[in-house]
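Just so it is clear: chains get the letters A, B, ... in the order the sequence lines come, proteins before strands, and each one is counted from 1.
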Amino acid sequence: DGGITQSPKYLFRKEGQNVTLSCEQNLNHDAMYWYRQDPGQGLRLIYYSQIVNDFQKGDIAEGYSVSREKKESFPLTVTSAQKNPTAFYLCASSVGQVMNTEAFFGQGTRLTVV
Amino acid sequence: KNEVEQSPQNLTAQEGEFITINCSYSVGISALHWLQQHPGGGIVSLFMLSSGKKKHGRLIATINIQEKHSSLHITASHPRDSAVYICAANRDDKIIFGKGTRLHILP
């Protein structure tokens, strides 16, 4: 079955450590996105990539980094520079640019920094 | 003020009731999504529409471009419909998300 896989589902890290969240898709989608969700707020865009080896900052990119070396994979690193990293992180993908295409979402990773 | 506003924020209803969740947006958009997020957190896309009406099973989504308004209806609601429903609008090369409506259907 085609879809988006995020791993792990739950992640705990000590303050000051970098952590990388995995996102893999086998839908042959060009575009991939990372969102952050906090209680009582809508999803906010961290980074997005519309093609391999290219990515752009979203609205809240500070303290995060990404790479897009393969079409299927778009890992997100939460660095120690991110002041409030505890959150729910969602990865999404779409066929082409976001405009007029359906987006598919992963199951999310809940990151807790202690 | 958010560019995408949903109402109500929370909704509790009895099984079998007809449910309506509203979404208003203040910007020009190319399409609008309705998403469902279950307690585990994963999100499923229910509808993507740019005009008119779409139906899938007990779910119906409508959009009025002139009024910048969309509704999601659930007929014969069931406890398994309990989830957070999120409205999201395509604008330029981004999606703008509403804060979601938490729906709880009582048996």
Side-chain angles (χ1 to χ4, degrees), chain A residues 2-11 21 23 27 29-51 54-61 87-112, chain B residues 1-11 21-52 54 56 59 61 63 65 70 83-102:
Chain A
I4 300 180
T5 301
Q6 286 187 243
S7 61
K9 193 172 171 70
Y10 299 96
L11 189 55
L21 281 57
C23 179
L27 300 163
H29 285 173
D30 287 313
M32 297 186 73
Y33 314 84
W34 274 106
Y35 295 94
R36 171 181 171 137
Q37 187 178 40
D38 293 285
Q41 294 196 40
L43 278 72
R44 292 181 290 167
L45 182 64
I46 305 172
Y47 267 98
Y48 65 104
S49 166
Q50 295 187 338
I51 197 167
D54 187 46
F55 48 83
Q56 284 79 41
K57 292 182 179 180
D59 301 317
I60 55 166
F88 187 67
Y89 292 88
L90 277 158
C91 177
S93 71
S94 60
V95 172
Q97 291 185 2
V98 168
M99 190 183 304
N100 292 329
T101 62
E102 186 177 1
F104 292 79
F105 289 84
Q107 293 297 303
T109 293
R110 190 166 299 279
L111 173 65
T112 302
Chain B
K1 186 172 161 59
N2 287 345
E3 293 173 293
V4 176
E5 292 277 355
Q6 288 186 237
S7 63
Q9 286 187 331
N10 295 283
L11 178 57
I21 299 171
N22 296 300
C23 176
S24 297
Y25 51 92
S26 58
V27 295
I29 67 169
S30 55
L32 187 131
H33 304 257
W34 280 103
L35 311 168
Q36 181 189 55
Q37 185 172 31
H38 277 282
I43 289 180
V44 173
S45 177
L46 298 174
F47 296 102
M48 187 187 76
L49 63 166
S50 53
S51 64
K54 286 191 176 180
H56 181 68
L59 302 176
I63 188 168
I65 298 294
S70 176
V84 175
Y85 292 85
I86 301 170
C87 169
N90 283 10
R91 180 171 68 88
D92 300 328
D93 60 350
K94 293 182 182 177
I95 301 179
I96 306 168
F97 293 85
K99 293 184 179 181
T101 294
R102 187 173 298 277

Self-check item: Proximal component of Leu43(A), with respect to chain B [non-hydrogen, under 4.5 Å]
Solution: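 Both backbone and side chain.
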Exercise. Measure distances from Gln56(A) to the heavy atoms of chain B and classify the residue's part below 4.5 Å as side chain, backbone, both or neither.
Key: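 Nothing of Gln56(A), per the 4.5 Å heavy-atom cut-off to chain B.
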Quick check on [X] against chain A: is it the side chain, the backbone, both or neither that has a heavy atom closer than 4.5 Å?
X	value
Ile43(B)	both
Gln37(B)	side chain
Leu32(B)	neither

Exercise. Measure up the Phe97(B) and Phe105(A) rings against each other and bin them: parallel (under 30°), tilted (30 to 60°), perpendicular (over 60°).
Key: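 Aromatic pair Phe97(B)/Phe105(A) classed perpendicular.
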Quiz item: For the residue pair Ile95(B) and Ala88(B), what are the closest heavy atoms and their distance?
Solution: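 Minimum heavy-atom contact is CG2-CB, 3.4 Å.
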Quiz item: Looking at Gln36(B) and Ala83(B), what are the two nearest heavy atoms and their distance?
Solution: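 Taking every non-hydrogen atom into account, CG-CB, 3.8 Å.
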Self-check item: Contacts of type ring pair (Phe, Tyr, Trp, His ring centres under 6.0 Å), residue Phe104(A), not counting sequence neighbours
Solution: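 Scan of Phe104(A) (ring pair (Phe, Tyr, Trp, His ring centres under 6.0 Å), adjacent residues dropped) gives His29(A).
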Quiz item: Do side-chain atoms of Thr109(A) reach the backbone of Lys9(A) as a donor and acceptor pair under 3.5 angstrom?
Solution: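 Checked: no pair found.
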